[in-house]
Number of protein chains: 2
Amino acid sequence: MSGKGVDDVEKINDYKNEDFLLIKDVIEDNGYKMTTQRREVLMQFIRNKEEHLNVEKIYDIVKPKGIGVSTVYRSINIFVDLGILKEFRVDNTNYYELKMYAKKPLHIHFKCEKCRKIKDITDKEVIFKYLRINNLLEKEYNTEINDVDIMFHGLCSNCIDKNNIN
Amino acid sequence: MSGKGVDDVEKINDYKNEDFLLIKDVIEDNGYKMTTQRREVLMQFIRNKEEHLNVEKIYDIVKPKGIGVSTVYRSINIFVDLGILKEFRVDNTNYYELKMYAKKPLHIHFKCEKCRKIKDITDKEVIFKYLRINNLLEKEYNTEINDVDIMFHGLCSNCIDKNNIN
DNA sequence: TTTAATGCAAAGTGTTTGCACTATA
DNA sequence: TATAGTGCAAACACTTTGCATTAAA
(Lines give C-alpha, C1' and ligand atoms only; values in the text may rest on other atoms or scores of the structure.)
Protein backbone atom coordinates (compact mmCIF):
# COMPACT_ATOMS: atom_id res chain seq x y z
CA MET A 1 0.00 0.00 0.00
CA SER A 2 1.48 3.28 -1.04
CA GLY A 3 0.59 6.48 0.83
CA LYS A 4 2.18 9.47 2.38
CA GLY A 5 2.58 9.67 6.17
CA VAL A 6 1.71 12.74 8.20
CA ASP A 7 5.36 13.73 8.24
CA ASP A 8 5.64 13.57 4.48
CA VAL A 9 2.59 15.78 4.03
CA GLU A 10 4.06 18.26 6.50
CA LYS A 11 7.32 18.25 4.65
CA ILE A 12 5.61 18.90 1.33
CA ASN A 13 3.69 21.82 2.81
CA ASP A 14 6.80 23.27 4.41
CA TYR A 15 8.53 23.15 1.05
CA LYS A 16 5.76 25.35 -0.35
CA ASN A 17 6.32 27.99 2.32
CA GLU A 18 8.02 31.03 0.88
CA ASP A 19 9.79 32.08 4.07
CA PHE A 20 11.04 28.56 4.58
CA LEU A 21 12.46 28.40 1.07
CA LEU A 22 14.29 31.69 1.49
CA ILE A 23 15.86 30.61 4.75
CA LYS A 24 16.63 27.17 3.34
CA ASP A 25 18.75 28.88 0.71
CA VAL A 26 20.69 30.79 3.36
CA ILE A 27 21.36 27.56 5.22
CA GLU A 28 22.47 25.67 2.14
CA ASP A 29 24.49 28.55 0.79
CA ASN A 30 26.55 28.24 3.93
CA GLY A 31 27.23 24.56 3.39
CA TYR A 32 24.66 23.22 5.83
CA LYS A 33 22.12 20.58 4.91
CA MET A 34 18.41 21.08 5.31
CA THR A 35 17.58 18.14 7.52
CA THR A 36 14.21 17.11 8.90
CA GLN A 37 15.26 18.30 12.35
CA ARG A 38 16.43 21.72 11.22
CA ARG A 39 13.26 22.13 9.21
CA GLU A 40 11.13 21.28 12.25
CA VAL A 41 12.96 23.74 14.50
CA LEU A 42 12.88 26.44 11.86
CA MET A 43 9.19 25.97 11.15
CA GLN A 44 8.33 26.67 14.79
CA PHE A 45 9.56 30.19 14.23
CA ILE A 46 7.91 30.56 10.83
CA ARG A 47 4.58 29.23 12.09
CA ASN A 48 4.63 31.49 15.15
CA LYS A 49 6.23 34.62 13.81
CA GLU A 50 4.86 36.76 16.58
CA GLU A 51 5.89 34.46 19.43
CA HIS A 52 9.07 34.53 21.44
CA LEU A 53 10.38 31.01 21.70
CA ASN A 54 13.00 29.54 23.99
CA VAL A 55 14.80 26.21 23.76
CA GLU A 56 12.50 24.57 26.28
CA LYS A 57 9.35 25.49 24.35
CA ILE A 58 10.77 24.30 21.06
CA TYR A 59 12.06 21.09 22.56
CA ASP A 60 8.65 20.35 24.07
CA ILE A 61 7.06 20.61 20.64
CA VAL A 62 9.75 18.73 18.82
CA LYS A 63 10.61 16.00 21.31
CA PRO A 64 7.59 13.81 20.38
CA LYS A 65 9.03 13.62 16.87
CA GLY A 66 12.19 12.09 18.28
CA ILE A 67 14.38 15.16 18.02
CA GLY A 68 16.97 15.54 20.80
CA VAL A 69 17.84 18.63 22.83
CA SER A 70 21.34 18.82 21.47
CA THR A 71 19.96 19.05 17.96
CA VAL A 72 17.68 21.87 19.02
CA TYR A 73 20.65 23.72 20.52
CA ARG A 74 22.83 23.01 17.49
CA SER A 75 20.14 24.17 15.05
CA ILE A 76 19.45 27.36 16.95
CA ASN A 77 23.14 28.16 17.23
CA ILE A 78 23.57 27.80 13.49
CA PHE A 79 20.51 29.95 12.82
CA VAL A 80 21.83 32.66 15.11
CA ASP A 81 25.26 32.51 13.50
CA LEU A 82 23.73 32.85 10.05
CA GLY A 83 21.67 35.81 11.22
CA ILE A 84 18.39 33.96 10.72
CA LEU A 85 17.46 34.14 14.36
CA LYS A 86 17.98 36.89 16.87
CA GLU A 87 18.68 36.07 20.50
CA PHE A 88 17.55 38.12 23.45
CA ARG A 89 17.39 37.44 27.14
CA VAL A 90 14.72 38.07 29.73
CA ASP A 91 14.80 36.76 33.30
CA ASN A 92 17.76 34.46 32.77
CA THR A 93 16.23 32.79 29.75
CA ASN A 94 17.29 33.13 26.14
CA TYR A 95 14.54 33.76 23.66
CA TYR A 96 14.77 33.66 19.88
CA GLU A 97 12.86 35.23 17.06
CA LEU A 98 13.09 35.41 13.31
CA LYS A 99 15.32 38.22 12.17
CA MET A 100 14.65 37.81 8.47
CA TYR A 101 16.55 40.03 6.16
CA ALA A 102 16.41 43.56 7.51
CA LYS A 103 19.80 45.15 7.15
CA LYS A 104 19.66 47.41 10.18
CA PRO A 105 17.28 45.69 12.50
CA LEU A 106 15.93 47.40 15.54
CA HIS A 107 14.54 45.12 18.19
CA ILE A 108 12.30 46.76 20.73
CA HIS A 109 10.79 44.66 23.47
CA PHE A 110 8.60 45.66 26.34
CA LYS A 111 8.63 43.49 29.42
CA CYS A 112 5.80 44.06 31.87
CA GLU A 113 7.07 43.76 35.42
CA LYS A 114 3.67 42.65 36.66
CA CYS A 115 2.20 40.18 34.16
CA ARG A 116 5.70 39.30 32.86
CA LYS A 117 4.51 39.33 29.26
CA ILE A 118 6.98 40.35 26.60
CA LYS A 119 5.63 42.48 23.79
CA ASP A 120 7.20 43.69 20.59
CA ILE A 121 7.04 47.34 19.82
CA THR A 122 6.58 47.78 16.11
CA ASP A 123 5.17 51.29 16.05
CA LYS A 124 6.61 52.85 12.91
CA GLU A 125 6.88 56.30 14.46
CA VAL A 126 8.86 55.03 17.42
CA ILE A 127 11.18 52.95 15.28
CA PHE A 128 11.76 55.87 12.98
CA LYS A 129 12.71 58.10 15.89
CA TYR A 130 15.18 55.50 17.11
CA LEU A 131 16.75 55.18 13.69
CA ARG A 132 17.29 58.93 13.65
CA ILE A 133 19.17 58.68 16.94
CA ASN A 134 21.29 55.90 15.48
CA ASN A 135 22.26 58.08 12.58
CA LEU A 136 23.13 60.88 14.96
CA LEU A 137 25.31 58.54 16.99
CA GLU A 138 27.05 57.09 13.95
CA LYS A 139 27.97 60.51 12.66
CA GLU A 140 28.88 62.08 15.97
CA TYR A 141 31.08 59.23 17.15
CA ASN A 142 32.28 57.86 13.84
CA THR A 143 30.85 54.45 14.62
CA GLU A 144 28.91 51.92 12.63
CA ILE A 145 25.76 50.59 14.27
CA ASN A 146 24.64 47.26 12.86
CA ASP A 147 22.13 46.18 15.41
CA VAL A 148 20.18 47.67 18.27
CA ASP A 149 18.39 45.90 21.09
CA ILE A 150 16.10 47.91 23.25
CA MET A 151 14.40 46.49 26.30
CA PHE A 152 11.82 48.42 28.23
CA HIS A 153 10.82 47.41 31.71
CA GLY A 154 7.61 48.73 33.12
CA LEU A 155 3.89 48.27 33.44
CA CYS A 156 1.78 47.51 30.38
CA SER A 157 -1.56 49.26 29.91
CA ASN A 158 -3.48 46.26 31.22
CA CYS A 159 -1.58 46.14 34.47
CA ILE A 160 -1.62 49.90 34.90
CA ASP A 161 -5.41 49.87 34.74
CA LYS A 162 -5.65 47.02 37.23
CA ASN A 163 -3.32 48.91 39.55
CA ASN A 164 -5.64 51.90 39.56
CA ILE A 165 -8.67 49.84 40.53
CA ASN A 166 -7.02 48.48 43.69
CA MET B 1 51.20 45.07 70.78
CA SER B 2 48.25 47.05 69.57
CA GLY B 3 47.99 48.08 65.93
CA LYS B 4 45.58 48.07 63.08
CA GLY B 5 45.93 45.50 60.28
CA VAL B 6 45.70 46.35 56.60
CA ASP B 7 42.10 45.14 56.57
CA ASP B 8 41.14 47.39 59.44
CA VAL B 9 42.61 50.42 57.73
CA GLU B 10 40.69 49.53 54.58
CA LYS B 11 37.50 49.15 56.53
CA ILE B 12 37.95 52.53 58.19
CA ASN B 13 38.51 54.15 54.80
CA ASP B 14 35.50 52.45 53.27
CA TYR B 15 33.38 53.76 56.09
CA LYS B 16 34.40 57.27 55.12
CA ASN B 17 33.22 56.76 51.53
CA GLU B 18 30.01 58.62 50.87
CA ASP B 19 28.68 56.26 48.22
CA PHE B 20 29.40 53.30 50.43
CA LEU B 21 27.53 54.85 53.34
CA LEU B 22 24.48 55.57 51.19
CA ILE B 23 24.35 52.02 49.86
CA LYS B 24 25.05 50.61 53.32
CA ASP B 25 21.85 52.30 54.49
CA VAL B 26 19.85 50.70 51.68
CA ILE B 27 21.21 47.30 52.61
CA GLU B 28 20.52 47.70 56.30
CA ASP B 29 17.11 49.26 55.74
CA ASN B 30 16.18 46.02 54.08
CA GLY B 31 17.23 43.94 57.04
CA TYR B 32 20.59 42.80 55.69
CA LYS B 33 23.82 43.10 57.60
CA MET B 34 26.82 44.96 56.29
CA THR B 35 29.40 42.20 56.50
CA THR B 36 33.05 42.32 55.54
CA GLN B 37 32.32 40.23 52.47
CA ARG B 38 29.46 42.38 51.22
CA ARG B 39 31.55 45.48 51.80
CA GLU B 40 34.41 44.01 49.76
CA VAL B 41 32.17 43.08 46.83
CA LEU B 42 30.38 46.40 46.93
CA MET B 43 33.61 48.39 47.05
CA GLN B 44 34.78 46.80 43.80
CA PHE B 45 31.94 48.61 42.09
CA ILE B 46 32.45 51.85 43.97
CA ARG B 47 36.20 51.87 43.33
CA ASN B 48 35.74 51.14 39.60
CA LYS B 49 32.59 53.06 38.79
CA GLU B 50 33.32 53.12 35.10
CA GLU B 51 34.16 49.41 34.78
CA HIS B 52 31.82 46.58 33.90
CA LEU B 53 32.44 43.76 36.30
CA ASN B 54 31.39 40.13 36.14
CA VAL B 55 31.40 37.49 38.87
CA GLU B 56 34.69 36.02 37.71
CA LYS B 57 36.52 39.34 37.90
CA ILE B 58 35.16 40.13 41.33
CA TYR B 59 35.91 36.67 42.63
CA ASP B 60 39.50 36.92 41.39
CA ILE B 61 39.99 40.10 43.39
CA VAL B 62 38.21 38.90 46.47
CA LYS B 63 39.31 35.26 46.65
CA PRO B 64 42.72 36.11 48.20
CA LYS B 65 40.84 37.62 51.14
CA GLY B 66 39.17 34.26 51.77
CA ILE B 67 35.78 35.13 50.31
CA GLY B 68 33.97 32.27 48.55
CA VAL B 69 32.20 32.28 45.19
CA SER B 70 28.83 31.58 46.70
CA THR B 71 29.15 34.69 48.82
CA VAL B 72 29.98 36.73 45.75
CA TYR B 73 26.91 35.37 43.99
CA ARG B 74 24.74 35.89 47.06
CA SER B 75 25.94 39.47 47.52
CA ILE B 76 25.43 40.39 43.90
CA ASN B 77 21.96 38.87 43.88
CA ILE B 78 20.97 40.93 46.89
CA PHE B 79 22.41 44.08 45.36
CA VAL B 80 20.49 43.48 42.15
CA ASP B 81 17.27 42.80 44.07
CA LEU B 82 17.70 46.00 46.04
CA GLY B 83 18.30 47.95 42.85
CA ILE B 84 21.87 48.80 43.82
CA LEU B 85 23.35 46.96 40.88
CA LYS B 86 22.13 46.64 37.34
CA GLU B 87 22.68 43.42 35.42
CA PHE B 88 23.30 43.22 31.70
CA ARG B 89 24.54 40.46 29.47
CA VAL B 90 27.06 40.39 26.66
CA ASP B 91 28.37 37.24 25.01
CA ASN B 92 26.85 34.84 27.50
CA THR B 93 28.31 36.64 30.48
CA ASN B 94 26.48 38.69 33.05
CA TYR B 95 28.01 42.05 33.89
CA TYR B 96 27.04 44.34 36.72
CA GLU B 97 27.33 48.05 37.33
CA LEU B 98 26.23 50.52 39.97
CA LYS B 99 22.76 51.79 39.35
CA MET B 100 22.76 54.35 42.17
CA TYR B 101 19.63 56.30 42.71
CA ALA B 102 18.45 57.56 39.35
CA LYS B 103 14.67 57.24 39.21
CA LYS B 104 14.33 56.50 35.51
CA PRO B 105 17.64 55.02 34.50
CA LEU B 106 18.59 54.62 30.93
CA HIS B 107 21.39 52.20 30.26
CA ILE B 108 23.05 52.52 26.91
CA HIS B 109 25.88 50.21 26.02
CA PHE B 110 27.85 49.94 22.84
CA LYS B 111 29.45 46.61 22.06
CA CYS B 112 32.10 46.66 19.36
CA GLU B 113 31.84 43.54 17.24
CA LYS B 114 35.53 43.66 16.41
CA CYS B 115 37.47 44.55 19.55
CA ARG B 116 34.63 43.28 21.78
CA LYS B 117 34.94 46.25 24.11
CA ILE B 118 31.83 47.46 25.84
CA LYS B 119 31.40 51.17 26.20
CA ASP B 120 28.85 53.25 28.04
CA ILE B 121 27.10 55.96 26.15
CA THR B 122 26.56 58.87 28.47
CA ASP B 123 26.09 61.64 25.92
CA LYS B 124 23.50 63.95 27.43
CA GLU B 125 21.95 64.80 24.08
CA VAL B 126 21.43 61.17 23.18
CA ILE B 127 20.00 60.28 26.56
CA PHE B 128 17.67 63.23 26.40
CA LYS B 129 16.38 62.16 23.01
CA TYR B 130 15.72 58.69 24.32
CA LEU B 131 13.86 60.01 27.32
CA ARG B 132 11.60 61.96 24.98
CA ILE B 133 10.75 58.76 23.13
CA ASN B 134 9.97 57.12 26.45
CA ASN B 135 7.52 59.85 27.29
CA LEU B 136 5.94 59.49 23.88
CA LEU B 137 5.56 55.75 24.40
CA GLU B 138 4.15 56.12 27.89
CA LYS B 139 1.48 58.54 26.75
CA GLU B 140 0.62 56.82 23.50
CA TYR B 141 0.32 53.33 24.96
CA ASN B 142 -0.73 54.16 28.50
CA THR B 143 2.27 52.34 29.90
CA GLU B 144 4.73 53.07 32.64
CA ILE B 145 8.38 52.70 31.72
CA ASN B 146 10.65 52.22 34.70
CA ASP B 147 13.81 51.09 33.08
CA VAL B 148 15.34 50.98 29.63
CA ASP B 149 18.27 48.93 28.42
CA ILE B 150 19.73 49.74 25.07
CA MET B 151 22.47 47.69 23.48
CA PHE B 152 24.16 48.78 20.29
CA HIS B 153 26.18 46.34 18.26
CA GLY B 154 28.58 47.70 15.72
CA LEU B 155 32.05 48.97 15.06
CA CYS B 156 33.64 51.53 17.36
CA SER B 157 35.57 54.44 15.89
CA ASN B 158 38.90 52.71 16.52
CA CYS B 159 37.97 49.60 14.62
CA ILE B 160 36.29 51.53 11.82
CA ASP B 161 39.52 53.41 11.19
CA LYS B 162 41.56 50.22 11.21
CA ASN B 163 39.10 48.69 8.77
CA ASN B 164 39.66 51.49 6.32
CA ILE B 165 43.42 51.08 6.33
CA ASN B 166 43.24 47.42 5.32
C1' DT C 1 23.64 36.01 72.51
C1' DT C 2 20.83 35.34 68.92
C1' DT C 3 20.20 34.98 64.30
C1' DA C 4 21.86 36.13 59.80
C1' DA C 5 25.75 35.25 56.88
C1' DT C 6 29.66 32.50 55.41
C1' DG C 7 32.59 28.75 53.16
C1' DC C 8 32.63 24.53 51.45
C1' DA C 9 31.04 20.85 48.79
C1' DA C 10 27.30 18.95 46.58
C1' DA C 11 23.42 19.56 43.64
C1' DG C 12 21.04 22.16 39.95
C1' DT C 13 20.56 24.47 35.57
C1' DG C 14 21.36 25.26 30.82
C1' DT C 15 24.43 24.20 27.15
C1' DT C 16 28.13 21.78 24.58
C1' DT C 17 30.70 17.75 23.04
C1' DG C 18 32.48 12.86 21.82
C1' DC C 19 31.11 9.06 19.60
C1' DA C 20 28.79 5.44 17.18
C1' DC C 21 24.98 5.51 14.12
C1' DT C 22 21.96 7.63 10.40
C1' DA C 23 20.44 10.19 6.54
C1' DT C 24 21.24 13.79 3.27
C1' DA C 25 23.12 15.56 -1.12
C1' DT D 1 28.30 6.52 -1.01
C1' DA D 2 30.84 9.92 1.35
C1' DT D 3 30.33 13.07 4.78
C1' DA D 4 27.50 16.09 7.53
C1' DG D 5 24.10 15.60 10.99
C1' DT D 6 21.84 13.08 14.71
C1' DG D 7 20.70 11.07 19.48
C1' DC D 8 22.46 9.79 23.52
C1' DA D 9 25.07 10.27 27.55
C1' DA D 10 28.76 12.38 29.54
C1' DA D 11 31.11 16.64 30.30
C1' DC D 12 30.93 21.55 31.12
C1' DA D 13 30.24 26.10 32.99
C1' DC D 14 27.67 28.88 35.71
C1' DT D 15 24.77 29.39 39.64
C1' DT D 16 22.22 27.89 43.77
C1' DT D 17 21.65 25.33 48.05
C1' DG D 18 22.26 22.47 52.56
C1' DC D 19 24.75 22.43 56.43
C1' DA D 20 27.98 23.06 60.04
C1' DT D 21 30.62 27.09 61.51
C1' DT D 22 31.34 32.10 62.18
C1' DA D 23 30.42 36.81 63.04
C1' DA D 24 27.43 40.98 63.11
C1' DA D 25 24.11 43.66 65.70
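Numbered from 1 within each chain, the chains take letters A, B, ... in sequence-line order.
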| said: Between A:D14 and A:R47 (salt bridge meaning N to carboxylate O under 4.0 Å), is one present in this structure? | reply: yes
| said: If the threshold is 4.0 Å, N to carboxylate O, is there a salt bridge linking A:E10 and A:K65? | reply: yes
| said: Just N and O in the side chain of A:N94: are any of them under 4.0 Å from OP1 or OP2 of C:dT15? | reply: yes
| Distance below 4.0 Å between B:N77 side-chain N/O and D:dT15 OP1 or OP2 | no
| When the ring planes of A:Y96 and A:F45 are compared, do they come out parallel, tilted or perpendicular, using 30° and 60° as the limits? | perpendicular
In whole angstrom, give the distance that lies between atom [atom1] of [X] and atom [atom2] of [N].
| X | N | atom1 | atom2 | result |
| --- | --- | --- | --- | --- |
| B:K57 | D:dC14 | NZ | P | 14 Å |
| B:R39 | D:dA25 | CZ | C1' | 16 Å |
| A:D81 | C:dT16 | CG | P | 10 Å |
| A:I67 | D:dC8 | CD1 | C1' | 15 Å |
| B:Y59 | C:dT6 | OH | C1' | 13 Å |
| B:I27 | C:dA5 | CD1 | P | 11 Å |
| B:Y32 | C:dT6 | OH | P | 11 Å |
| B:R89 | C:dG14 | CZ | P | 12 Å |

| Candidate list A:I150, A:D149, A:I121, A:D120, test side-chain contact (heavy atoms from CB on, under 4.5 Å), partner A:H109, passing option | A:D120
| query | B:S70 has a side chain; which of D:dG5, D:dT17, C:dA5 sits nearest to it? | reply | D:dT17
| query | Nearest to the side chain of A:Y73 - C:dG14, C:dG18, C:dA5? | reply | C:dG14
| Shared hydrophobic cluster, B:M34 / B:I67 (ILVMFWY, side-chain heavy atoms < 4.5 Å) | yes
| said: Taking B:M151 as the starting point, is it possible to reach A:I133 by hopping between hydrophobic residues whose side chains are less than 4.5 Å apart? | reply: no
| request: Drop me the distance from B:N94's CG to B:L85's CG, to the nearest 0.5 angstrom. | output: 12.0 Å
| task | Just jot down the side-chain contact (heavy atoms from CB on, under 4.5 Å) partners of A:Y59, sequence neighbours excluded, or say none. | result | A:K63, A:V69, A:V72
| note | Rounded to 10°, the helix from C:dT1-D:dA25 to C:dA25-D:dT1 deviates from straight, judged by its five-pair end axes, by 40°
| field | Close side-chain approach of A:D147 and B:F152, heavy atoms under 4.5 Å | value | no
Show each protein N/O and nucleotides 23-25 of chain C N/O combination with a separation under 3.5 Å, one pair to a line.
from: C:dT24; atom 1: OP1; to: A:T36; atom 2: OG1; distance (Å): 3.3
from: C:dT24; atom 1: O2; to: A:K33; atom 2: NZ; distance (Å): 3.2

| said: Mind checking if B:R38 touches a base, just sugar-phosphate, or nothing, with heavy atoms under 4.0 Å? | reply: sugar-phosphate
| query | Which part of the nucleic acid does A:N92 contact within heavy-atom distance under 4.0 Å: base, sugar-phosphate only, or nothing? | reply | nothing
